[in-house]
Amino acid sequence: MTTNFKHELAEILAKHINLSVQETEAAIEIPTDSRLGHFAFPCFSLAKVLRKAPPVIAAELAEKISQSRPAWLGQAVATGPYVNFFFDRAAFTGAVLQEVSAQGESYGGSREGAGQTVLVEYSSPNIAKHFHIGHLGSTIIGKTLDNIFRFLGYDVTSLNHLGDWGTQFGKLITAYLKWGSEEEITKTEISGLVKLYVQFHEEADKDPSLNDEARSWVVKMQDGDEEGLRIWKWFCDLSMKEYQRIYDRLNVSFDLIRGESYYNGKMEAIAEELQEKGLLIESDGAKIVDLEAHGMPPCLILRSDGGTLYPTRDIAAALDRYNTFKFHKNLYVTGNEQSLHFAQWMKVVELMGYDWAKGLEHIPYGMYLFESGKMSTRRGDVIKMEDLLDEATAKTLAIINEKNPSLENKETVAEQVGVGALKFNKLYNSRAKDTMFDWDRMLNFEGETGPYVQYTHARACSVLRKAGITPTTPDPASLTEDEPFEVTRLLYSFPDKIRDAAVKYEPFIIARHMVALAQAYNAFYHKHQILCDNEQTRNARLSLTNATRQVLKTGLALLGIDAPVVM
Ligand code: ARG
């Protein structure tokens, strides 16, 4: 038996209506409240062609389908303009559990993206500055999208577009040569660089000629000056050391780390091409692309001194990436505040006549909010990411020490749970929403949190350990009560949720599904004794437990979160 029930139902329905199987399948809904049906088919769109009222069509369809239906389909009933379908619990459960167990770790995944290239650009911190909390959001969301697309068989390349070029490096080099020491900077890494940067601005207020010096370094570096580039490269390597420590703890790695500097020398050609295509106009000495017809302010391409700008670099990067990867999609995960920037330069690429521009997509997300208001990096009160990760782990360790002091590998589990909590918290709401940063909330083991899902996974592992056996093919008739059926329903819709998350670029769809599954499993666990005396029932309940364990683990992995087996 297959679990592609929706498709099977679409095939049956399509025989009776004038829609293709594909159109029918797209129209079938999964009601949130399962009392209304496990599938629902709305008849509104058929009314015009059939010249009948939707409730009449629904009644006729329900009647026809009831006459010959597959084993898993228990009932088809018309409710107003809808036909609602109910599964036969035992047949449905048997098929779902068999499918999860047969597919194991690949359950929920597919090959539907095969042959399609997706670039996912995320994280992209700025060299010589600390990795800040804004980049945490990009890293967490980006990594999840990266995982989801891979799981669906897409050919994914993850990309870190480091901010490694700009006038600040002229200032930093000037400051370093005047006041810095190699020993000090080697030791203090980014903190030392930030200090030099602050010092530069203080001194330049008193002695503006420093600004000229800084600018001359920028020009020299553009022309390939060896000393300047050597120091710059060293700053980059030092910064990467901090970022790498953070990536290791977040369990993130990139297929390609390619900074903005890579596009030096590739932007003049962009300006020329824009000129040739008649898109470039002069405005106050600068060169811009007018976007008024598209309801946006102009996109700045060249500064009046000929210097290039952030959008120019992005246009050059997109062209270069397309030539290299022939991508179907190139996703850019950055904060909401950059939405206009992305809309502008992507429009310019479209106006240049590249039809692949439709594959460029900005994936914006909301920022973190703190009790005291918005977090600022400019005021210098930036939260250091390593401190934040340490705090997550320390707070979790304190909870473990209280709840389960004899746990083995406490430190490792605390890191898995603490970092997991931080990630889950960011992934639990729709991307665009701001995230309230609240340790108590995200670390609540009973809340809608990462630790809660991880704890449920560990609980399932523990039940299976205690049973000491691997469950065999269950008798599904033992799992027809409401609680196990609800668990099965959620196991069944897991692949659909992953696909939905991919289409909408919304990790929360998976995160929320994990919480729903964990809640349903816990309801089942509390209501029904799993290790009961009846062998058949025990085997069936263990089988459901094992399938739940598998899906929770896969779901957490998609969200980039570890699933410890004990907590
Ligand atoms: N480094 C930038 C920042 O921190 C993010 C880069 C986003 N990606 C891009 N292609 N512009 O704001």
Side-chain angles (χ1 to χ4, degrees), residues 118-143 145-146 157-169 172 190 193-194 197 232 235-236 239-240 242-243 246-247 250 252 254-264 266-267 270 296 299-301 308-325 327 329-350 354 356-357 359-368 374-378 382-385 431 505:
V118 179
L119 303 192
V120 191
E121 187 214 280
Y122 59 95
S123 198
S124 311
N126 300 319
I127 294 293
K129 292 185 186 152
H130 287 296
F131 189 106
H132 69 72
I133 193 146
H135 299 120
L136 179 68
S138 170
T139 309
I140 293 174
I141 295 167
K143 175 65 180 167
L145 295 176
D146 175 352
T157 297
S158 58
L159 221 143
N160 192 344
H161 184 78
L162 294 174
D164 66 353
W165 202 255
T167 50
Q168 70 273 28
F169 291 101
L172 266 179
I190 296 178
L193 294 175
V194 170
Y197 195 64
W232 164 78
F235 291 167
C236 292
S239 307
M240 261 329 273
E242 176 184 303
Y243 304 158
I246 295 164
Y247 292 140
L250 293 175
V252 167
F254 296 91
D255 296 318
L256 193 60
I257 298 185
R258 181 170 278 177
E260 295 187 19
S261 65
Y262 179 82
Y263 305 99
N264 287 343
K266 293 185 166 63
M267 286 174 288
I270 299 296
M296 288 185 275
C299 185
L300 298 164
I301 301 295
T308 53
L309 291 144
Y310 189 42
T312 326
R313 228 166 259 276
D314 266 323
I315 296 169
L319 262 78
D320 187 78
R321 288 180 196 176
Y322 186 74
N323 290 334
T324 312
F325 294 97
F327 57 74
K329 278 179 196 297
N330 184 3
L331 312 179
Y332 296 80
V333 186
T334 80
N336 282 334
E337 68 282 358
Q338 294 200 30
S339 292
L340 178 62
H341 162 73
F342 281 96
Q344 286 175 303
W345 75 255
M346 287 175 178
K347 182 50 95 183
V348 173
V349 178
E350 189 191 314
Y354 293 114
W356 51 261
L360 297 169
E361 277 190 73
H362 180 219
I363 315 293
Y365 61 85
M367 63 183 153
Y368 279 106
K374 187 185 156 178
M375 162 125 332
S376 160
T377 49
R378 253 162 255 126
V382 45
I383 296 182
K384 277 190 69 188
M385 198 48 46
R431 273 185 285 113
Y505 309 120

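Whatever order the structure lists ligands and atoms in, that order sets their numbers, starting from 1. All values below were derived from every heavy atom in this structure, side-chain atoms included, with hydrogens, water molecules and symmetry-related copies excluded. Worth saying up front: this structure is predicted, and the values here are computed from it rather than measured.
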J.: One thing to verify: whether Asp320 and Arg258 come together as a salt bridge, which I'm taking to mean a side-chain N less than 4.0 angstrom from a carboxylate O.
T.: yes
J.: Would one find an N or O of Tyr310, backbone or side chain, under 3.5 Å from an N or O of ligand 1?
T.: yes
J.: Can you tell me the protein heavy atom closest to atom 4 (O) of ligand 1 and the distance?
T.: His135 NE2, 2.8 Å
J.: Only heavy atoms of Glu121, strictly under 4.0 Å: list the atoms of ligand 1 that pass.
T.: 7 (C), 8 (N), 9 (C), 10 (N)
J.: Please say whether Tyr332 places an N or O atom under 3.5 Å from an N or O atom belonging to ligand 1.
T.: no
J.: Main chain of Gly137, side chain of Tyr365: is a donor-acceptor contact present, judged purely on distance under 3.5 Å?
T.: no
J.: Do side-chain atoms of Ser261 reach the backbone of Trp165 as a donor and acceptor pair under 3.5 angstrom?
T.: no
J.: How long is the straight-line distance from CG of Leu162 back to OH of Tyr243, given to the nearest 0.5 Å?
T.: 7.0 Å
J.: Looking at atom 10 (N) of ligand 1, what's its closest protein heavy atom, distance included?
T.: Asp314 OD1, 2.7 Å
J.: Identify which of Ser124, Gly163, Ser123 has a heavy atom lying nearest to atom 2 (C) of ligand 1.
T.: Ser124
J.: Do ligand 1 and Arg321 have nitrogen or oxygen atoms that lie under 3.5 Å from each other?
T.: no
J.: Report the part of Gln338 in contact with ligand 1, treating N, CA, C, O as backbone and CB onward as side chain, heavy atoms under 4.0 Å; options are side chain, backbone, both, neither.
T.: side chain
J.: Using distance alone, determine whether Thr334 and ligand 1 share an N or O pair under 3.5 Å.
T.: no
J.: What protein heavy atom is closest to atom 1 (N) of ligand 1, reported as residue, atom name and distance in Å?
T.: Asn126 OD1, 2.7 Å
J.: Would you check, one step at a time, whether the test side chain to side chain contact (heavy atoms under 4.5 Å, CB included) holds for Asp255 with Leu159?
T.: CA-CA 6 Å; Asp255 296 318; Leu159 221 143; over 6 Å; no
J.: Only one of His362, Arg431, Lys329 passes side-chain hydrogen bond (donor to acceptor under 3.5 Å, both in side chains) with Tyr505; say which it is.
T.: Lys329
J.: Start with the C-alpha distance between Glu121 and Leu331, add both sets of side-chain angles, then the distance that settles side chain to side chain contact (heavy atoms under 4.5 Å, CB included), and finish with yes or no.
T.: CA-CA 6 Å; Glu121 187 214 280; Leu331 312 179; over 6 Å; no
